[in-house]
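Worth knowing before you read on, the calculation uses all heavy atoms, side chains too, and leaves out hydrogens, waters and symmetry mates. Within every chain, numbering begins at 1; the chains are lettered A, B, ... in the order of the sequence lines, protein sequences first and strands thereafter.
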2 protein chains.
Amino acid sequence: MDKPDYSRLAKQVKLMAHPERLHILDALRAAPQCVCHLEALLKRPQPYVSQQVRILSRAGVLESERHGNNIYYHLSDPELLAWLDVVLGPVAEGADALGRHQPIEECSCPTCATAASQAVAPVILAA
Amino acid sequence: MDKPDYSRLAKQVKLMAHPERLHILDALRAAPQCVCHLEALLKRPQPYVSQQVRILSRAGVLESERHGNNIYYHLSDPELLAWLDVVLGPVAEGADALGRHQPIEECSCPTCATAASQAVAPVILAA
DNA sequence: GCGAAATATGCAAATTCATGCATGTACTTG
DNA sequence: CAAGTACATGCATGAATTTGCATATTTCGC
């Protein structure tokens with residue numbers, strides 16, 4: 001019977017109401033991702049990605065963890081996670097069953113590098 | 001495996017990313033509502049309400065039906081409806097089991113008027 | 001400590017959005 | 001057809017968003 005807090009909800013919803021941010025969130029809900037990863041995924045300059053990440057961070061829906069030079073972000077807000085599941089459908093985007101992120105050629109973070117060198121031929125270093 | 005259309009989804013999500021619009025959508029998913037109703041509900045001037053309604057209308061998520069002088073709008077997009085159920089929780093906001101809208105004192109549309117005169121004392125006409 | 005890699009921050013221009021208000025239109029009733 | 005009611009539309013202005021870019025910061029390998 002209590003009215004929802006439309007202001008608060010709208011503010012949270014707004015986080016998804018942006019194509020690139022939605023893309024980031026989609027990637028992030030699957031598994032922690034470093035910025036270079038998202039950069040490769042979105043095909044946008046790093047400062048651009050960092051800024052969108054910051055918007056999400058400052059909204060309190062993200063958590064970060066540093067691993068050497070890379071900073072891995074992941075979604076920490078259950079509410080938003082639930083919404084994303086409905087808007088985007090169940091998690092698919094580049095995540096495997098273990099919750100690790102899918103290696104991307106354009107990304108050179110440790111996770112991607114080792115994964116790539118183990119799986120496919122290391123064409124990465126050639127380019 | 002196919003990537004979601006982030007642009008399209010973001011655009012649709014944006015419809016909810018606004019307090020007043022979210023409020024309108026909440027009311028609208030329960031039952032058809034006329035503008036005067038929403039006006040009373042939001043406590044905002046009529047042109048303001050009409051404009052928000054138009055945004056939703058032009059996005060194709062609303063349907064309208066005229067009854068005499070009043071125009072009743074209702075949500076016609078199942079996708080958005082599903083999202084609203086998750087964001088706002090199950091329908092509650094002023095709808096009864098029959099899907100009629102709850103009469104509001106400030107509203108003078110036929111539905112409200114008759115409902116009011118039958119139920120509580122018609123204090124409405126006094127003010 | 002130095003340079004390189006990964007990420008963050010600040011700023012500015014362009015665009016979009018929000019909102020108030022005056023006025024226009026459509027239907028109804030007498 | 002005249003007047004009233006319900007709703008729509010146009011416009012103006014200020015605020016917020018978007019996006020690009022230059023530059024700062026942090027950490028690692030040497």
Side-chain angles (χ1 to χ4, degrees), chain A residues 6-7 10-11 13-24 28 32-59 62-74 101 104 106-113 124-125, chain B residues 6-7 10-11 13-24 28 32-59 62-74 101 104 106-113 124-125:
Chain A
Y6 296 113
S7 275
K11 225 171 261 177
V13 166
K14 210 171 287 187
L15 298 174
M16 303 187 295
H18 181 286
E20 314 288 11
R21 232 150 40 215
L22 190 55
H23 198 161
I24 291 177
L28 247 41
Q33 311 273 355
C34 54
V35 173
C36 60
H37 230 84
L38 300 170
E39 198 182 331
L41 205 63
L42 301 199
K43 289 168 188 149
R44 290 270 185 175
Q46 173 270 319
Y48 180 89
V49 174
S50 258
Q51 265 186 115
Q52 299 302 345
V53 167
R54 187 155 74 120
I55 289 173
L56 297 172
S57 231
R58 294 225 274 207
L62 253 47
E63 213 115 309
S64 68
E65 193 177 335
R66 184 150 215 154
H67 279 279
N69 258 335
N70 304 279
I71 298 178
Y72 288 83
Y73 287 95
H74 72 274
H101 65 187
I104 304 180
E106 288 81 2
C107 179
S108 54
C109 79
T111 314
C112 285
I124 306 95
L125 301 171
Chain B
Y6 297 113
S7 275
K11 224 169 262 178
V13 166
K14 209 170 288 188
L15 298 174
M16 303 186 297
H18 181 286
E20 314 288 11
R21 232 151 39 214
L22 191 54
H23 198 160
I24 290 177
L28 247 40
Q33 311 274 353
C34 53
V35 173
C36 62
H37 231 86
L38 299 170
E39 197 181 334
L41 206 62
L42 302 198
K43 288 168 188 149
R44 292 269 185 177
Q46 174 270 316
Y48 180 87
V49 174
S50 259
Q51 265 184 114
Q52 299 304 343
V53 167
R54 187 157 73 120
I55 289 173
L56 297 172
S57 232
R58 293 224 276 205
L62 252 48
E63 213 114 310
S64 68
E65 193 175 335
R66 185 149 213 154
H67 279 279
N69 260 334
N70 303 280
I71 298 179
Y72 288 84
Y73 287 94
H74 72 274
H101 65 187
I104 304 181
E106 288 82 1
C107 178
S108 54
C109 79
T111 315
C112 285
I124 306 95
L125 300 171

_Could you tell me how far apart B/E39 (CD) and C/dT19 (P) are, to the nearest whole angstrom?_
16 Å

*Considering the options A/R54, A/Q52, A/Q46, which one meets the side-chain hydrogen bond (donor to acceptor under 3.5 Å, both in side chains) requirement together with A/S50?*
A/Q46

*Expressed in angstrom and rounded to an integer, what is the separation of B/Y72 atom OH from D/dT5 atom C1'?*
13 Å

*Taking all atoms of both residues into account, what is the closest heavy-atom pair of B/I71 and B/R66, and its distance?*
CD1-NH1, 3.8 Å

*asked:* Taking any heavy-atom pair under 4.0 Å as a contact, classify B/E20: base, sugar-phosphate, or nothing.
replied: nothing

*Please check the phosphate of C/dA26 (OP1 and OP2 only) for any side-chain N or O of B/R66 closer than 4.0 Å.*
no

_Expressed as a whole number of angstroms, how long is the span from A/L42:CG to D/dT19:C1'?_
13 Å

*Check the distance between C/dA4's P and A/N70's CG and give it to me in whole angstrom.*
18 Å

*asked:* With a 4.0 Å limit, can you tell me whether B/R54 has a side-chain N or O closer than that to the phosphate oxygens OP1/OP2 of D/dC7?
replied: no

*For the pair made of NZ in B/K11 and P in C/dT16, what is the distance, rounded to whole Å?*
11 Å

_C/dA6 OP1/OP2 closer than 4.0 Å to side-chain N/O of A/H67_ = no

*For A/P19 and B/Y6, work out which heavy atoms get closest and say how close.*
O-CB, 3.7 Å

*asked:* So if I take every side-chain heavy atom of A/Q46 and compare against D/dC7, C/dC11, C/dT7, which nucleotide ends up nearest?
replied: C/dT7

*C/dT19 OP1/OP2 closer than 4.0 Å to side-chain N/O of B/Y48*: yes

*Could you check A/L38 against A/L28 for side chain to side chain contact (heavy atoms under 4.5 Å, CB included), going step by step and ending with a plain yes or no?*
CA-CA 9 Å; A/L38 300 170; A/L28 247 41; 4.1 Å; yes

*Choose from C/dA18, C/dG20, D/dT19 the nucleotide whose nearest atom is closest to any side-chain atom of B/R44.*
C/dG20

_Nearest to side-chain heavy atoms of A/P47, which nucleotide of D/dA22, C/dT7, C/dC17_ = D/dA22

*Please name the pair of heavy atoms, one in B/R44 and one in B/V49, separated by the smallest distance, quoted to 0.1 Å.*
O-CG2, 4.0 Å

*Integer-rounded Å distance: C/dC17 P and B/H18 NE2*: 11 Å

*Quick one: on DNA chain C, does B/I55 or A/I71 contact a more 5' nucleotide (nearest heavy atom)?*
A/I71

*Given atom CG of A/N69 and atom P of D/dT25, what is their separation to the nearest angstrom?*
17 Å

*Could you state the CG-C1' distance from A/L22 to D/dT18, rounded to the nearest angstrom?*
16 Å

*Ignoring backbone atoms, establish whether A/R21 has a side-chain N or O less than 4.0 Å from OP1 or OP2 of D/dT17.*
no

